[in-house]
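This report concerns only the one structure given below.
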Amino acid sequence: MEQSHEIVAEKLISIKSFKMQPSHPFVWGNGWKSPIYFDSRKMLSYPIVREFISQELVQAVRNHYPEAECIAAVATNSIALGVMVAQQLNLPFAYVYPHPKDHGLENRIEGDLKPRQKVVIIEDQLSEGKNCALVQEALKQDGCQVLGMVAVLDFGLKQGQASLTKAQLKCHALLTLEQSVSYALDHQIITPVQAETAHTWMASPESWRK
């Protein structure tokens with residue numbers, strides 16, 4: 001029987017959510033270069049995959065945070081996923097910007113949260129972890145109790161783990177990048193050379209191809 005993370009990997013890889021191009025690396029907002037890109041928004045265009053991932057997130061919330069009273073998504077990429085999770089759990093929903101907006105009401109939190117409400121954060125992917133920590137900070141400043149976070153993909157970077165440890169934020173991911181690479185290699189979707197490139201990048205993303 002396939003393990004849950006293998007099914008998640010198969011579904012995300014089948015819709016080409018992962019892109020790998022070492023010769024033309026992707027550039028992150030922080031300046032890092034990466035041979036791998038995870039396009040979480042692709043799953044929204046595939047109803048079967050979208051439903052499967054949302055159900056897996058729901059089950060993760062039920063398993064790890066059964067006392068959850070509200071779902072909060074990291075804006076903006078995780079809003080759609082967060083809405084689906086909240087709907088299936090019949091819980092209130094809000095989304096949170098890591099930084100205050102510079103227009104309108106200049107809110108960081110969009111939605112109606114109650115004092116001392118127990119909140120679970122939904123994130124599409126965990127990389128550096130800085131945005132997740134900032135979202136947790138905003139929720140705590142608003143008087144909420146953050147139980148933890150559920151993510152679709154954890155890149156498994158030491159920087160991300162350091163951010164979560166510092167913020168004392170627990171995260172449960174459906175899939176890690178290491179598991180994704182292993183699945184793709186086992187099913188001959190990528191070559192051993194490409195897998196080694198991915199492992200080299202994961203070990204030191206900040207200095208890869210500087």
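- Taking the six-membered ring where the residue is Trp, His172 and His64 present parallel rings, their angle staying beneath 30° rather than reaching 60°.
- Scanning both residues, Tyr65 and Cys171, for their nearest heavy atoms gives OH-N, 4.4 Å.
- Distance check: Lys158 NZ to Ser204 OG gives 5.0 Å after rounding to the nearest 0.5 Å.
- In this structure, Gln21 contributes its side chain and His24 its backbone to a donor-acceptor pair below 3.5 Å.
- For Trp201 (side chain) and Lys33 (main-chain N/O), a donor-acceptor pair under 3.5 Å exists by modelled atom type.
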Would you check, one step at a time, whether the test ring pair (Phe, Tyr, Trp, His ring centres under 6.0 Å) holds for Tyr183 with His5?
-> CA-CA 9 Å; Tyr183 180 92; His5 68 79; 8.8 Å; no
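- In terms of modelled atom types and a separation under 3.5 Å, the side chain of Arg116 and the main chain of Gly143 share no donor-acceptor contact.
- Using a distance-only test at 3.5 Å, with no hydrogens or angles considered, no donor-acceptor pair links the side chain of Glu196 to the main chain of Val193.
- In this structure, Tyr46 and Ile48 have side chains that are not in contact, with every pair of non-hydrogen atoms separated by 4.5 Å or more.
- Both Val49 and Leu81 are assigned to one and the same hydrophobic cluster, defined by single-linkage of ILVMFWY side chains at heavy-atom distances under 4.5 Å.
- Around atom CD of Gln141, more than 12 heavy atoms belonging to other residues, nucleotides or ligands sit under 6.0 Å away.
- Partner Val146 forms a side-chain contact (heavy atoms from CB on, under 4.5 Å) with one of Lys170, Gln136, Glu137, Gln168 and no other, that one being Gln136.
- The backbone N or O of Lys118 lies less than 3.5 Å from a partner atom in the side chain of Glu69, making a donor-acceptor pair.
- Of all heavy-atom pairs between Cys132 and Leu126, the closest is SG-CD1, 4.2 Å.
- Side-chain contact between Pro192 and Leu185: present, with at least one pair of heavy atoms (C-beta onward) separated by less than 4.5 Å.
- Contact between Ala75 and Pro98 at its shortest, heavy atoms only, is O-CD, 3.9 Å.
- Residues Leu57 and Gln88 have side chains not in contact (no heavy-atom distance under 4.5 Å, counting atoms from C-beta outward).
- With contacts defined as side-chain heavy-atom distances shorter than 4.5 Å, the pair Val152/Met43 qualifies.
- Follow the hydrophobic side-chain contacts under 4.5 Å out from Leu175 and you reach Ile15 in the same cluster.
- Within a 6.0 Å sphere centred on CG of Leu44, heavy atoms belonging to other residues, nucleotides or ligands number more than 12.
- Taking SG of Cys144 as the start and CD of Gln117 as the end, the distance is 6.0 Å to the nearest 0.5 Å.
- His199 and Glu178 are linked by a side-chain donor-acceptor pair at a separation below 3.5 angstrom, with hydrogens and angles left out of the test.
- Panel note: side chain Asp142, backbone Ala138; no donor-acceptor pair is recorded below 3.5 Å.
- Counting only heavy atoms from C-beta outward, the side chains of Lys130 and Asn30 never approach each other to under 4.5 Å.
- No side-chain heavy atom of His187 sits under 4.5 Å from any side-chain heavy atom of Ile13.
- Following chains of ILVMFWY side-chain contacts shorter than 4.5 Å, one can reach Leu89 starting from Ile53, so the two form part of one hydrophobic cluster.
- Applying the 6.0 Å contact sphere to CD of Glu51 captures more than 12 heavy atoms from other residues, nucleotides or ligands.
- A donor-acceptor contact closer than 3.5 angstrom is absent between the side chains of Ser163 and Glu128.
- Side-chain polar atoms of Gln159 and Glu206 form a donor-acceptor pair below 3.5 angstrom.
- Gly82 and Ala73 get closest at one heavy-atom pair: CA-CB, 4.2 Å.
- Of all the heavy atoms in Ala198 and Ile36, the pair that sits closest is CB-CD1, 3.5 Å.
- Annotation: side chain of Leu139 is in contact with side chain of Ile109 (closest heavy-atom distance under 4.5 Å).
- No path of Ile, Leu, Val, Met, Phe, Trp and Tyr side chains, each step under 4.5 Å between heavy atoms, connects Val74 with Phe38, placing them in separate hydrophobic clusters.
- Note that the CG atom of Asn131 and the CD atom of Gln125 stand 10.5 Å from one another [nearest 0.5 Å].
- Placement of Leu113 and Val120 in two distinct hydrophobic clusters is found when ILVMFWY residues are connected by side-chain heavy-atom separations under 4.5 Å, directly or transitively.
- Between the CG atom in Leu174 and the NZ atom in Lys11 there is a gap of 13.0 Å [rounded to 0.5 Å].
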Should Gln194 and Met20 be marked as a side chain to side chain contact (heavy atoms under 4.5 Å, CB included) after you check the CA-CA gap, both sets of side-chain angles, and the distance that decides it?
-> CA-CA 8 Å; Gln194 289 175 316; Met20 191 163 191; 3.8 Å; yes
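- For Ala94 against Gly111, the heavy-atom pair with the smallest separation is CB-CA, 4.1 Å.
- A donor-acceptor distance shorter than 3.5 angstrom exists from the side chain of Ser78 to the backbone of Asp124, with no hydrogens or angles considered.
- Within the model, atoms CH2 of Trp28 and OG of Ser34 stand 5.5 Å from one another, a figure rounded to the nearest 0.5 Å.
- Atom-to-atom distance recorded for Leu153:CG and Ser40:OG is 9.0 Å, nearest 0.5 angstrom.
- In this structure, the side chains of Leu147 and Val119 stay at 4.5 Å or more apart for every pair of heavy atoms.
- Formation of a donor-acceptor pair under 3.5 Å by the Arg209 side chain with backbone atoms of Pro22 is found in this model.
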